[in-house]
Structures are given as structure tokens and as C-alpha cells.
Protein chains: 2
Amino acid sequence: MRADAQRNYDRIVEVARQVFRERGYDASLDDVAKLAGVGPGTLYRHFPKRENLLDAVMQSWVDKVNDTADKALAHEGSDRDLLVNWFVDYVELISQHKGGPAKLTSAMGNPDSPIVTKCQALARANGRVIDQLREDGALRDDVETIQVCRLVGGIATVADQSELDAAAVRPMLEVVADGLMK
Amino acid sequence: MRADAQRNYDRIVEVARQVFRERGYDASLDDVAKLAGVGPGTLYRHFPKRENLLDAVMQSWVDKVNDTADKALAHEGSDRDLLVNWFVDYVELISQHKGGPAKLTSAMGNPDSPIVTKCQALARANGRVIDQLREDGALRDDVETIQVCRLVGGIATVADQSELDAAAVRPMLEVVADGLMK
DNA sequence: ACCTGAACACCGTTCAAGT
DNA sequence: ACCTGAACACCGTTCAAGT
């Protein structure tokens with residue numbers, strides 16, 4: 001990539017990360033281009049679809065997902081606590097920006113989505129937690145990882161759209177956790 | 001209301017019902033106005049916000065909600081079956097149009113929403129089912145009706161946005177039902 | 001090869017003029 | 001009292017012209 005192109009690419013991603021954080025995932029791309037000091041055409045050249053930009057913005061986020069899963073797995077305590085705490089973390093992970101939970105959860109399992117690698121990272125992290133609990137024999141046998149992603153993602157989506165606080169979300173996560181355990 | 005105003009009102013609602021069904025809740029209101037044969041100003045006069053139009057479109061839907069709850073309550077069989085079947089019905093009720101589950105579920109508990117009466121009808125129907133099961137002593141004591149609405153609504157929202165079929169939705173509803181029961 | 005920015009399309013929303 | 005439709009604002013997207 002030419003030096004000026006790389007510079008523009010980086011600027012756009014950096015600005016988008018900030019704008020998405022402040023105004024949510026549906027923020028105006030025109031504004032992003034303006035703030036990045038590029039023409040709208042340049043933004044569209046690098047990111048033909050809005051979701052390609054989301055994907056770039058979430059690049060570093062993948063590490064955080066894996067770290068969080070590691071910490072959740074190291075939890076000392078009951079299986080139920082481990083699961084509920086992981087769900088709380090999961091919701092927080094996908095709720096960084098307004099509109100994030102819906103975007104990530106609806107793309108889950110869709111191989112054509114531009115953010116497919118992000119969904120996979122999320123699903124793998126969730127799968128690791130699920131697998132460890134299954135080894136303990138704590139979970140129902142018929143639990144599929146993607147269903148858990150959708151269940152918890154659904155709660156996060158509702159919480160995001162209704163602007164619920166953590167205190168309102170936890171009891172719902174507990175219901176799902178209890179429903180998943182033997 | 002003047003005769004011509006009433007006629008326009010009815011036309012707009014009828015057209016909107018059809019358009020929302022075909023293209024989802026985010027369909028263009030300009031199109032609705034054109035198809036109803038009125039100017040855009042007329043539509044905005046009757047329905048200042050999009051959600052006021054939604055509210056009018058869903059007027060008859062309330063009866064269907066109550067009928068469905070009645071039938072669910074008459075179910076012969078286990079409490080779990082009754083609950084799961086009701087959840088399946090609930091999802092179907094709020095999934096008439098694309099975007100419906102998110103709209104109805106996120107407005108749940110918000111007294112300022114233009115569709116507040118529709119949410120209340122839905123919550124009341126759900127509450128009737130919950131109350132009957134609670135009388136049977138089948139449910140956890142700390143279950144709040146609005147939480148159940150959000151849990152099931154969250155699943156419906158994900159299903160709507162990912163275009164999942166009933167076979168993929170049912171297992172998730174079963175998890176929630178199991179998590180809610182004693 | 002890449003960028004710019006004018007141009008177009010689409011939609012929501014308002015309001016002056018009309019009946 | 002109600003309606004019309006032109007007008008404006010905003011945003012996404014494209015593309016001819018430029019470097």
C-alpha cells in the first residue's frame with residue numbers, strides 16, 4: 001500500500017473508532033471522512049461497506065476477548081459462578097459501542113459477514129468456557145456454542161437498546177445460566 | 001375528525017400495515033404516503049413520529065395477543081410444555097414484521113414510548129401466563145414479568161435479525177423456560 | 001495508484017400556499 | 001380544519017477529473 005494510502009487508512013480507522021464509541025455504530029460515515037481529513041470517496045475505496053470499517057475498528061478487540069476468556073476460566077468457585085461471570089464479561093465485551101450487540105450477534109454464524117473473523121473469535125472464546133464446563137459435567141449435553149452466543153447476545157442486544165444497567169441484566173443472565181446447567 | 005381526514009387516516013394505516021409487512025418496520029414513509037395517495041405532510045400531521053403509525057397499525061393486533069394467551073393457558077399438559085409453547089407463540093406474535101421484535105422489546109417498560117399500550121398488552125398477556133404457573137408453584141419466586149418479556153424478546157430479536165427458523169429458536173426458548181422453573 | 005469533491009439518489013421533515 | 005407539494009437537510013454512494 002502506498003504511504004499516503006496507508007496514512008489515510010490508519011486515520012480513518014482511528015477516527016471511526018472514536019466516533020463509533022461516542023455516537024454508536026450507526027454514526028455518519030461522512031463525519032468520519034471529514035474528521036479524518038479525507039474525501040468520502042477515499043473512505044469508500046478502503047471500506048466498501050460500513051461493516052468493513054467496523055471490522056478494522058475491532059481489530060485490537062480480539063485480544064481483549066481472549067484475555068477475558070482466560071481470566072474467566074481461571075475463576076475459583078462454583079461452575080455456576082464461573083458461567084454467570086463469563087456471561088457478564090461477554091455482554092460487556094460486545095457492548096463497547098451502541099449497536100454492537102445486535103451487529104455482532106446477528107452476524108454470528110453468517111460466513112458472508114465482513115465481521116466474520118470477529119464473530120469467530122467471540123464464538124471460540126465462548127466455546128472454550130463452555131467446553132471446560134462440559135468437561136466438569138456441569139452442562140446439558142445438547143448445548144451448542146452458537147446458541148449460547150445468541151442467547152447471551154440477545155440479552156445484550158435488549159440491554160443495549162433499552163439502556164438497561166448491569167443490575168437489570170445479571171438476573172437474566174442467571175436464568176440462562178441455570179437453564180444451561182444440568 | 002373531518003370526513004376526508006378520517007378517510008386519509010384510514011388509508012395511511014391500511015397501506016402502512018401492508019408495507020410494513022412486506023418491507024419491515026423501517027420502510028420508507030414517503031412510499032406509504034404515495035401509496036395512500038396523500039402528501040407527506042398529511043402523514044406527518046396524523047403521525048408525527050414513525051412509532052405513532054406503528055401504534056395505529058398494531059391496533060387490531062392486541063386482540064390476537066389476548067386470544068393467544070387464552071389458548072396457551074388452556075393447554076393440557078406439563079407446566080414446562082405450557083411455558084415453552086407460550087414462548088413460541090410470544091415470539092410469533094412479536095415477529096409479524098421485520099424489526100418488530102426489537103421495537104416491541106426495547107420499548108418494554110418505557111412509559112414514554114408511543115407504542116406503550118401495545119407493550120402493556122403484551123406484558124399483561126405474558127403476566128397472566130406467568131401468574132398461572134406461579135400459582136402451580138412451578139416457577140422461581142424472583143421472576144419478574146418484564147424480565148421474561150425481555151428474555152424471550154431478546155431471542156425473538158436475534159432470530160428476526162439473523163433470519164433463524166423455528167427449529168433454531170425453540171431450543172433457546174427451552175433453555176430460558178428451564179432456567180425460569182424451579 | 002490514489003485522492004478529491006461535485007453530483008446524484010433517497011428519505012425524513014417542515015411549512016407556505018391553497019381548499 | 002385539513003391537504004398539498006415544494007423545499008430543505010442529511011446521508012450514502014459513485015465517478016470524472018486531478019495528482
Side-chain angles (χ1 to χ4, degrees), chain A residues 1-57 97-100 102-103 106-107 112-115 161, chain B residues 1-57 97-100 102-103 106-107 112-115 161:
Chain A
M1 201 182 292
R2 226 168 63 180
D4 55 343
Q6 181 70 55
R7 193 185 46 103
N8 282 333
Y9 181 101
D10 292 342
R11 274 193 185 176
I12 291 166
V13 172
E14 192 182 348
V15 167
R17 186 158 17 230
Q18 198 173 337
V19 170
F20 288 160
R21 183 141 40 212
E22 287 167 6
R23 314 183 199 171
Y25 271 150
D26 295 326
S28 158
L29 296 187
D30 230 51
D31 287 351
V32 172
K34 273 198 195 78
L35 286 166
V38 302
T42 302
L43 192 151
Y44 280 91
R45 157 168 280 268
H46 287 299
F47 309 101
K49 301 172 89 173
R50 175 183 290 268
E51 295 195 312
N52 295 119
L53 181 53
L54 295 186
D55 192 62
V57 164
H97 316 293
K98 186 147 210 229
K103 214 111 217 168
S106 66
D112 297 333
S113 168
I115 58 170
Q161 290 171 356
Chain B
M1 200 182 293
R2 224 168 65 180
D4 55 345
Q6 182 69 55
R7 192 183 48 103
N8 282 334
Y9 182 101
D10 292 341
R11 274 194 185 177
I12 291 168
V13 173
E14 192 183 348
V15 167
R17 189 163 7 234
Q18 196 173 336
V19 169
F20 287 159
R21 184 142 37 212
E22 286 167 7
R23 314 182 200 173
Y25 271 151
D26 294 326
S28 158
L29 296 186
D30 229 51
D31 286 352
V32 172
K34 273 199 194 80
L35 286 166
V38 303
T42 302
L43 192 151
Y44 281 90
R45 157 169 280 269
H46 288 298
F47 309 101
K49 300 172 90 173
R50 175 184 289 269
E51 296 194 312
N52 297 119
L53 180 53
L54 295 186
D55 193 61
V57 163
H97 316 293
K98 187 147 209 228
K103 214 109 217 170
S106 67
D112 297 331
S113 168
I115 58 170
Q161 289 170 357

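Letters A, B, ... are given to chains in the order of the sequence lines, protein chains preceding strands, and every chain is numbered from 1.
Ring planes of B:Tyr9 and B:Phe47: tilted class, angle from 30 to 60°.
Summarising the geometry, the separation between CZ on A:Arg45 and C1' on C:dT4 is reported as 12 Å, rounded to the nearest angstrom. Rounded to an integer number of Å, the gap from A:Arg50 CZ to D:dT14 C1' is 17 Å. What separates CZ of A:Phe47 from P of D:dT14 is a distance of 16 Å, to the nearest Å. With rounding to whole Å, B:Arg2 atom CZ is found 5 Å from D:dA1 atom C1'. For the pair A:Leu43 CG and C:dC3 C1', the interatomic distance rounds to 13 Å; values are reported in whole Å. For B:Arg11 and D:dC3, the CZ to P distance is 11 Å, given to the nearest whole Å. Atom CG in A:Leu54 sits roughly 12 Å away from atom P in D:dG12 (whole-Å rounding).
Regarding contacts with the backbone of C:dC3, a side-chain N or O of A:Asn8 is found under 4.0 angstrom from either OP1 or OP2. Side-chain nitrogen and oxygen atoms of A:His46 include none within less than 4.0 Å of the OP1 or OP2 phosphate oxygen of C:dC2.
Of the residues listed (B:Val38, B:Val32, B:Leu43, B:Asp31), the one engaging B:Val15 in a side-chain contact (heavy atoms from CB on, under 4.5 Å) is B:Val32, and it is the only one.
Among the nucleotides D:dC2, C:dC3, D:dT4, the one closest to any side-chain atom of A:Asp4 is C:dC3.
Position along DNA chain D of the nearest nucleotide to A:Tyr44 versus A:Gly41 favours A:Tyr44 as the more 5'-ward residue. The residue among A:Tyr9 and B:Pro40 whose nearest nucleotide of DNA chain C is located toward the 5' end is A:Tyr9.
Under the Watson-Crick or G-U wobble criterion, with both distances below 3.5 Å, C:dT19 is paired with D:dA1. Nucleotide D:dA6 is matched to C:dT14 when pairs are restricted to Watson-Crick or G-U wobble geometry with both distances under 3.5 angstrom.
With values rounded to the nearest 0.5 angstrom, B:Leu54 atom CG is found 5.0 Å from B:Phe20 atom CZ. Taken from CD in A:Glu22 to NZ in A:Lys98, the straight-line distance is 14.5 Å, to the nearest 0.5 Å. Atom CD1 of A:Ile115 and atom OG of A:Ser106 lie 7.0 Å apart (nearest 0.5 Å).
Of all the residues in residues 15-38 of chain B, B:Ala27, B:Ser28, B:Leu29, B:Asp30 reach under 4.0 Å from DNA chain C with at least one non-hydrogen atom.
Judged by distance alone, with hydrogens and angles left aside, the side-chain atoms of A:Asn52 form a donor-acceptor pair with the main-chain N or O of A:Lys49 at under 3.5 Å. Looking only at distances, a side-chain donor or acceptor of B:Arg50 sits under 3.5 Å from a matching main-chain atom of B:Tyr25.
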